[in-house]
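Naming convention: chains lettered A, B, ... in sequence-line order (proteins, then strands); numbering from 1 in each chain.
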Amino acid sequence: MSEKLTFQSDQSYSKSFALARIYSVFKADGTAKGGLIILLIFLFAALFAPWLSPHDPNEMTLNMMSAPSWQHFLGTDDLGRDLFSRIIWGTQVSLFVGFVTVAISLVVGVFLGVWAGYYGGWIDMIIMRYIDLQWAFPNFIIAVYLVAVFGTGLLNIFVAISLAFLDHFARVARSIVLSLKEQPFIEAARVGGTSDFRIMLKHILPNAMGPIIVQASVSISYAILGEASLSFLGLGVGVNTLTWGLILADGRSFISQAWWLGVFPGLAIMLVVLSINFIGDAVRDAFDLRDNTF
Amino acid sequence: MAGYILRRILGALLVMLAVSTLVFFMLRLVPGNPIGAMLADAGSDEAREALTRKFGFYQPVIIQFFKWLLNLVQGDPGTSLYGSNQKVTVILYEALPKTLSLAGLSFFIAITIALPAGIISAIKKNTAADNTVSIFAFLGLSMPDFWLAILLIIIFAANLQWLPAIGYAPLSAGFWEWFRHLILPSIAIGTGFSAIIARMVRSSLLGELKSDYMRTAAAKGLSTSKTVVLHALPNAMLPVITVLGVALALLISGAVVVENVFSIKGLGRVLIQGILNRDYPVVQGAVLLISAFFVFANLIVDLLYSVMDPRVRYE
């Protein structure tokens with residue numbers, strides 16, 4: 001009974017504590033607020049794309065490569081498709097891939113890290129050798145190689161990008177478990193007969209939330225950039241799904257005649273990544289972890 | 001020291017062995033074999049048979065692996081499945097100088113911008129100069145490198161027509177020719193790298209500026225510029241060197257994408273073309289070469305660190 005009480009207070013304390021810290025930093029930090037507003041605008045655009053886009057993003061017209069005008073805010077491409085509508089629709093996949101891949105690599109990476117750190121021994125050995133191996137490489141090259149293996153397509157992009165970012169979460173989680181494992185409150189829970197799984201979930205994880213959230217904010221911006229790069233190279237979600245990288249790749253041959261095709265899709269990518277970086281920076285300040293990651 | 005270096009080199013070689021193994025077996029996981037892709041399902045059974053024999057795909061995978069590894073150790077990763085069946089070594093040999101030139105110049109440009117920017121923003125903390133640097137650093141971090149490449153082409157190649165939009169010229173064609181072709185791609189790759197280094201230099205130098213020895217130096221009557229350059233900066237560089245290895249990843253990933261924008265036939269373009277053509281030997285060769293580059297660059301960074309910081313012990 002007493003054990004149950006300690007864990008409950010412990011957990012609620014960490015949760016509200018983390019939220020309160022994030023909230024207070026956001027309240028004080030202008031750039032973080034700006035970032036949040038930009039991100040919310042893009043989220044809104046993604047959710048309401050069918051209503052917000054003035055034209056059908058795939059409708060071809062004879063009005064080809066026309067410069068930005070009242071009819072086409074951001075101009076049209078080589079097939080007469082409205083660039084503004086295409087960018088709005090592209091928001092969906094770009095944000096979706098960014099958030100979902102990071103969610104997957106967070107869950108799997110944290111699980112591996114906690115598992116390795118908690119049990120140690122040969123499990124730790126095997127998991128960490130693999131993580132170290134992956135750590136030794138540029139994430140993007142790993143993602144490119146995984147696409148080479150699995151092929152293009154939405155599901156494969158999820159797998160490739162989330163696998164490529166796994167190592168960061170595993171390392172962060174493991175180092176926290178190692179620092180907590182021998183603490184008296186964990187010892188107490190173990191003596192009290194709490195199962196290992198429960199200890200990991202209810203006692204260790206809440207304490208690891210700060211660094212994990214910080215890592216997630218960094219990874220989301222890299223995941224969005226990664227997806228855009230892959231799509232740009234023709235290794236992305238596929239030619240029938242609108243993403244910013246693909247729109248940019250489509251327009252690339254025409255940039256000398258139609259600059260807007262080269263400027264606006266990339267501007268959208270940059271604004272989203274910038275807003276996430278602003279938010280991430282504020283979150284990092286909130287947890288006072290400025291110099292540990294970049 | 002010698003023992004430490006030897007151990008680190010052995011470790012790096014082991015990593016490369018593990019990577020080669022992974023790279024080989026992962027590609028074999030793919031459903032369907034490369035012959036099908038080569039013939040685009042149009043070839044006759046005889047053609048299929050002949051190609052399978054030629055490239056040794058009829059053997060058990062484990063035999064294929066050891067043959068491949070044996071050849072690899074002797075410096076032969078195989079021949080291309082595509083076009084004129086060039087040797088992978090030849091393809092990589094032609095690509096490597098381009099990527100190295102690009103990475104080298106990007107590195108140089110990035111450091112030349114990042115060091116002074118980071119130092120100024122640390123010394124003039126919370127001034128207009130500091131804010132300007134940090135805005136540019138944020139933009140640099142957030143800008144996709146291929147987009148920056150496109151912007152540079154629009155401005156300097158398409159409109160001003162100062163610099164070429166595509167291609168590469170070897171150093172043998174003259175320094176200026178070489179430099180002219182590389183400047184735009186190098187800026188595109190180097191900007192993100194530069195942003196990271198500038199932020200690192202700033203935060204690291206800020207930490208040093210607050211330390212006791214700086215106060216002592218100032219109390220002794222040393223000028224501010226002397227205390228910063230002679231005392232704080234050398235210490236502030238140590239953490240910067242450790243992230244150099246990690247930031248190198250950005251340079252390499254950047255080169256892979258940006259080479260494709262500028263049609264420079266470096267490692268990145270070879271890799272992507274290989275993937276699009278399903279040319280497995282070329283993909284394997286390119287990935288291994290990029291990995292080797294990265295592993296050994298990190299090794300050098302580590303060794304450099306242990307030389308620069310006497311507190312690091314070689315156990």
Main-chain N/O of [Y] paired to [X] side chain as donor or acceptor, under 3.5 Å:
X: B/Asn159; Y: B/Ile154; result: yes
X: A/Ser217; Y: A/Val214; result: yes
X: A/Thr91; Y: A/Ile87; result: yes
X: A/Gln134; Y: A/Ala164; result: yes
X: A/Thr101; Y: A/Gly98; result: yes
X: B/Trp147; Y: A/Gly262; result: yes
X: B/Glu259; Y: B/Arg269; result: yes

Just wondering, more than 12 heavy atoms not from [X] lying within 6.0 Å of its [atom1]?
X: A/Phe96; atom1: CZ; answer: no
X: B/Lys265; atom1: NZ; answer: no
X: B/Phe65; atom1: CZ; answer: yes

### Message
Using the rule given for side-chain contact (heavy atoms from CB on, under 4.5 Å), can you reason through A/Asp250 versus A/Arg86, listing the C-alpha separation, both sets of side-chain angles and the distance that settles it, and then say yes or no?
### Response
CA-CA 12 Å; A/Asp250 278 348; A/Arg86 289 176 74 73; 3.7 Å; yes
### Task
Name, in order of residue number, those residues of residues 292-301 of chain B that have a heavy atom at a distance of less than 4.5 Å from a heavy atom in chain A; otherwise write 'none'.
B/Phe294, B/Val295, B/Asn298
Residue [X] versus chain A: region with a heavy atom under 4.5 Å:
X: B/Leu139; answer: both
X: B/Val15; answer: both
X: B/Leu276; answer: side chain

For a quick test of reading the model, state the closest non-hydrogen atom pair linking [X] to [Y] and the distance between them.
X: B/Phe193; Y: B/Ile111; value: CE2-CD1, 4.4 Å
X: B/Ala157; Y: B/Pro164; value: CB-C, 4.2 Å
X: A/Ile141; Y: B/Ser253; value: CD1-CA, 4.4 Å

Residue among [options] with most heavy-atom pairs under 4.5 Å to chain A:
options: B/Pro144, B/Ala158, B/Ala18; result: B/Pro144
options: B/Asp145, B/Val283, B/Ile150; result: B/Ile150
options: B/Leu151, B/Asn260, B/Ile252; result: B/Asn260
options: B/Ile275, B/Leu148, B/Ile272, B/Ile153; result: B/Ile275
options: B/Val256, B/Val19, B/Leu22, B/Val23; result: B/Val23

## Note on the structure
Checking heavy-atom separations under 4.5 Å from chain B, one finds in residues 226-236 of chain A A/Ala228, A/Ser229, A/Phe232, A/Leu233, A/Gly234, A/Leu235
### Task
Write out, in numerical order, the residues from residues 263-272 of chain A with a heavy atom short of 4.5 Å from a heavy atom in chain B.
A/Val263, A/Gly266, A/Leu267, A/Ile269, A/Met270
### Under 4.5 Å from a heavy atom of chain B, the part of A/Leu133 involved
side chain
### Message
Does anything in residues 146-166 of chain A form a side chain to side chain donor-acceptor pair (under 3.5 Å)? List the pairs, not counting sequence neighbours.
### Response
none
### Message
Run the side-chain contact (heavy atoms from CB on, under 4.5 Å) test on A/Arg284 and A/Val218 for me, step by step, so that the C-alpha distance in whole Å, both residues' side-chain angles and the decisive distance to 0.1 Å come before the verdict.
### Response
CA-CA 10 Å; A/Arg284 197 175 312 174; A/Val218 176; 3.4 Å; yes
### Task
Quick one: pull up CD1 in A/Ile276 and CG in B/Leu141 and give me the separation to the nearest 0.5 Å.
13.0 Å
### Task
Against chain B, work out which of A/Leu248, A/Asn139, A/Ile224, A/Leu146 has the most heavy-atom pairs shorter than 4.5 Å and name it.
A/Leu248
#### Entry: Whether B/Trp68 and B/Phe24 hold their rings parallel, tilted or perpendicular, with breakpoints at 30° and 60°
tilted
